[in-house]
Amino acid sequence: MKSSRFTDSQIIAILKQAEGGSPVAELCREHGFSSATFYKWRAKFGGMDASMMARLKELEDENRRLKKMYAEERLKAEIVREALGKKVVKPSRRREMARRVVKEQRATIALACLAFGISPTCYRYVSQQSSVNREIADQLITLTQNQRNWGFGLCFLYLRNVKGQHWNHKRVYRIYRQLALNLRIKPHKRLIRAKPEPLAVPAQINECWSMDFMHDQLADGRSYRLLNVIDDFNREDLAMEIDLSLPAERVVRTLEQIIEWRGKPKAIRSDNGPEYISVTLLNWAAQQGIRLEHIQPGNPQQNAYVERYNRTVRYDWLNQYLFDSIAEVQEFGTSWLWTYNNERPNMALGGITPKQKLALAA
């Protein structure tokens with residue numbers, strides 16, 4: 001606002017001269033201002049002294065400041081109201097909204113920062129994509145493409161415990177979220193059951209093995225079976241026998257092949273399938289001095305170690321591929337078996353692989 005070249009005391013003196021009888025034209029010519037200015041002064045300051053005039057100017061300045069504050073608050077309210085429909089929680093999102101408002105010339109940088117609760121430093125911040133972040137993103141994309149049902153937990157444990165990368169889990173998770181690699185959680189109704197007795201945790205290898213059958217179909221509709229045998233100590237898959245038919249003789253042959261390189265177990269846990277209660281397997285176990293532990297019918301949770309392993313087999317690759325021949329299933333199963341034992345972190349083992357657990361026990 002343009003200030004007057006006349007002070008308050010000068011204006012009051014001129015007005016008093018006019019009240020004393022001095023002609024307005026002479027006062028205007030003497031002091032160098034127009035008659036319109038004189039009449040404006042008289043309408044505004046007539047009858048006032050210097051103190052009242054100063055107080056009036058103070059009130060005008062205060063009123064001007066209040067109007068400016070009201071306009072700013074109203075503008076801030078309008079800006080925030082427009083942003084209510086969007087989720088502006090993260091500083092990056094608030095920074096984007098502030099920059100958009102400033103770009104549209106609706107507010108200054110300071111006002112936009114106040115409206116969205118960010119500092120000027122945050123407003124001017126420009127993120128720099130580091131080479132480490134790009135490396136993390138590349139490894140996450142490759143890993144999730146090869147292991148489509150792995151969530152963040154398994155991916156991070158694989159990078160940390162198998163690949164030896166010491167990246168912070170919050171940093172890896174942030175990049176994981178930015179890449180939209182999150183798996184959709186499928187809700188399901190849980191049945192309320194009586195709490196089962198907890199399974200004993202073996203203290204050493206070959207203390208107890210678990211075995212169970214799985215079933216699936218080839219592309220031509222033929223059914224085939226999988227025999228899974230694991231060591232309960234480190235959840236290691238000792239064998240995965242795959243064929244159209246797996247009678248008791250094949251079960252015995254598979255167990256003998258495992259014993260040749262692994263050693264003899266003290267006990268083997270299984271359900272009550274015909275192959276497991278057959279005379280062939282019972283006689284073989286008696287000759288070998290191995291105790292067979294059959295779970296109660298209708299209680300698969302008593303064989304939970306291998307049941308959990310079966311679920312991993314089912315969701316990791318069995319449900320994701322359609323095979324044309326038994327040979328193709330056997331080849332893929334052998335390759336996946338090595339990956340499971342050597343590269344796939346196991347949550348029950350604390351995020352390490354079965355082979356790492358075996359090495360720690362050695």
Side-chain angles (χ1 to χ4, degrees), residues 87 89-96 121-122 125-186 201-205 228 230-240 262 304-306 308-321 331-362:
K87 191 173 183 180
V89 178
K90 296 189 296 184
S92 59
R93 289 287 298 121
R94 295 201 294 267
R95 180 169 60 242
E96 292 175 7
T121 303
C122 178
Y125 174 77
V126 178
S127 62
Q128 297 180 354
Q129 187 76 4
S130 67
S131 58
V132 178
N133 288 357
R134 288 192 292 271
E135 182 182 356
I136 295 174
D138 292 341
Q139 293 203 27
L140 285 175
I141 292 174
T142 303
L143 188 57
T144 51
Q145 286 177 349
N146 295 334
Q147 305 291 344
R148 287 189 289 271
N149 69 319
W150 282 20
F152 170 75
L154 282 178
C155 291
F156 176 74
L157 290 174
Y158 175 83
L159 295 176
R160 171 65 63 87
N161 296 333
V162 179
K163 292 298 184 180
Q165 304 289 359
H166 296 286
W167 297 317
N168 185 278
H169 71 280
K170 291 181 288 187
R171 183 182 194 179
V172 178
Y173 185 65
R174 172 171 53 82
I175 299 174
Y176 182 84
R177 290 289 302 271
Q178 289 175 353
L179 295 173
L181 299 175
N182 308 61
L183 288 175
R184 184 176 68 88
I185 299 177
K186 299 179 181 179
V201 181
Q204 57 186 0
I205 65 172
N228 296 322
I230 69 170
D231 191 328
D232 295 349
F233 171 71
N234 65 333
R235 312 299 198 274
E236 181 181 358
D237 189 345
L238 306 177
M240 180 184 288
R262 179 76 171 193
Y305 292 136
V306 72
R308 179 61 183 85
Y309 171 78
N310 289 347
R311 181 186 182 277
T312 300
V313 174
R314 178 70 65 183
Y315 284 92
D316 260 23
W317 63 278
L318 208 57
N319 278 359
Q320 299 186 22
Y321 301 96
E331 181 181 357
F332 194 95
T334 302
S335 174
W336 182 88
L337 184 62
W338 187 93
T339 302
Y340 171 83
N341 288 332
N342 293 273
E343 293 187 348
R344 187 185 190 278
N346 195 303
M347 306 298 287
L349 302 178
I352 60 178
T353 65
K355 287 297 185 180
Q356 289 176 330
K357 173 73 172 180
L358 188 63
L360 292 175

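Below, all heavy atoms of this structure are taken into account, side chains as well, without hydrogens, waters or symmetry copies.
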Shortest non-hydrogen contact from [X] to [Y]?
X      : Y      : result
Phe233 : Ala203 : CE1-O, 3.5 Å
Gly351 : Pro345 : O-CB, 3.5 Å
Asn341 : Thr353 : O-CB, 3.8 Å
Asn161 : Gln356 : O-NE2, 2.8 Å

Mind checking whether Phe332 and Trp317 have parallel, tilted or perpendicular rings, split at 30° and 60°?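 Tilted.
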
Mark yes or no for whether [X], through its side chain, and [Y], through its backbone, hold a donor-acceptor pair below 3.5 Å.
X      : Y      : answer
Asn234 : Pro354 : yes
Asn319 : Tyr315 : no
Tyr176 : Leu181 : yes
Arg235 : Asp232 : yes
Ser335 : Glu331 : no

Any chance you could lay out the side chain to side chain contact (heavy atoms under 4.5 Å, CB included) test for Phe152 and Leu140, step after step, and finish with the verdict? CA-CA 9 Å; Phe152 170 75; Leu140 285 175; 5.7 Å; no

Could you measure the distance from the [atom1] atom of [X] to the [atom2] atom of [Y]? Nearest 0.5 Å is fine.
X      : Y      : atom1 : atom2 : value
Ile141 : Leu179 : CD1   : CG    : 5.0 Å
Arg134 : Asp138 : CZ    : CG    : 9.0 Å
Asp316 : Arg311 : CG    : CZ    : 9.5 Å
Thr312 : Arg314 : OG1   : CZ    : 12.0 Å
Leu159 : Leu154 : CG    : CG    : 11.0 Å
Asp231 : Tyr305 : CG    : OH    : 11.0 Å

Do the non-hydrogen side-chain atoms of [X] and [Y] ever get within less than 4.5 Å of each other?
X      : Y      : answer
Asn182 : Tyr173 : yes
Asn149 : Gln320 : yes
His166 : Arg160 : yes

Aromatic centroids of Trp336 and Tyr340 separated by under 6.0 Å: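 Between Trp336 and Tyr340, which both carry aromatic rings, the centre distance is below 6.0 Å.
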
Determine, stepwise, if the pair Glu343 / Trp338 fulfils side chain to side chain contact (heavy atoms under 4.5 Å, CB included). CA-CA 8 Å; Glu343 293 187 348; Trp338 187 93; 3.5 Å; yes

Go through Asn133 and Trp167 one step at a time and tell me if the side chain to side chain contact (heavy atoms under 4.5 Å, CB included) criterion holds. CA-CA 10 Å; Asn133 288 357; Trp167 297 317; over 6 Å; no

So for atom CZ, which belongs to Arg177, do other residues, nucleotides or ligands contribute more than 12 heavy atoms lying within a distance under 6.0 Å?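 No, not enclosed.
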
Worked check of side chain to side chain contact (heavy atoms under 4.5 Å, CB included) between Gln165 and Ile136: CA-CA 10 Å; Gln165 304 289 359; Ile136 295 174; over 6 Å; no

Against Leu157, only a single residue in His169, Arg344, Met347 fulfils side chain to side chain contact (heavy atoms under 4.5 Å, CB included); can you say which?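 The single option meeting the side chain to side chain contact (heavy atoms under 4.5 Å, CB included) with Leu157 is Met347.
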
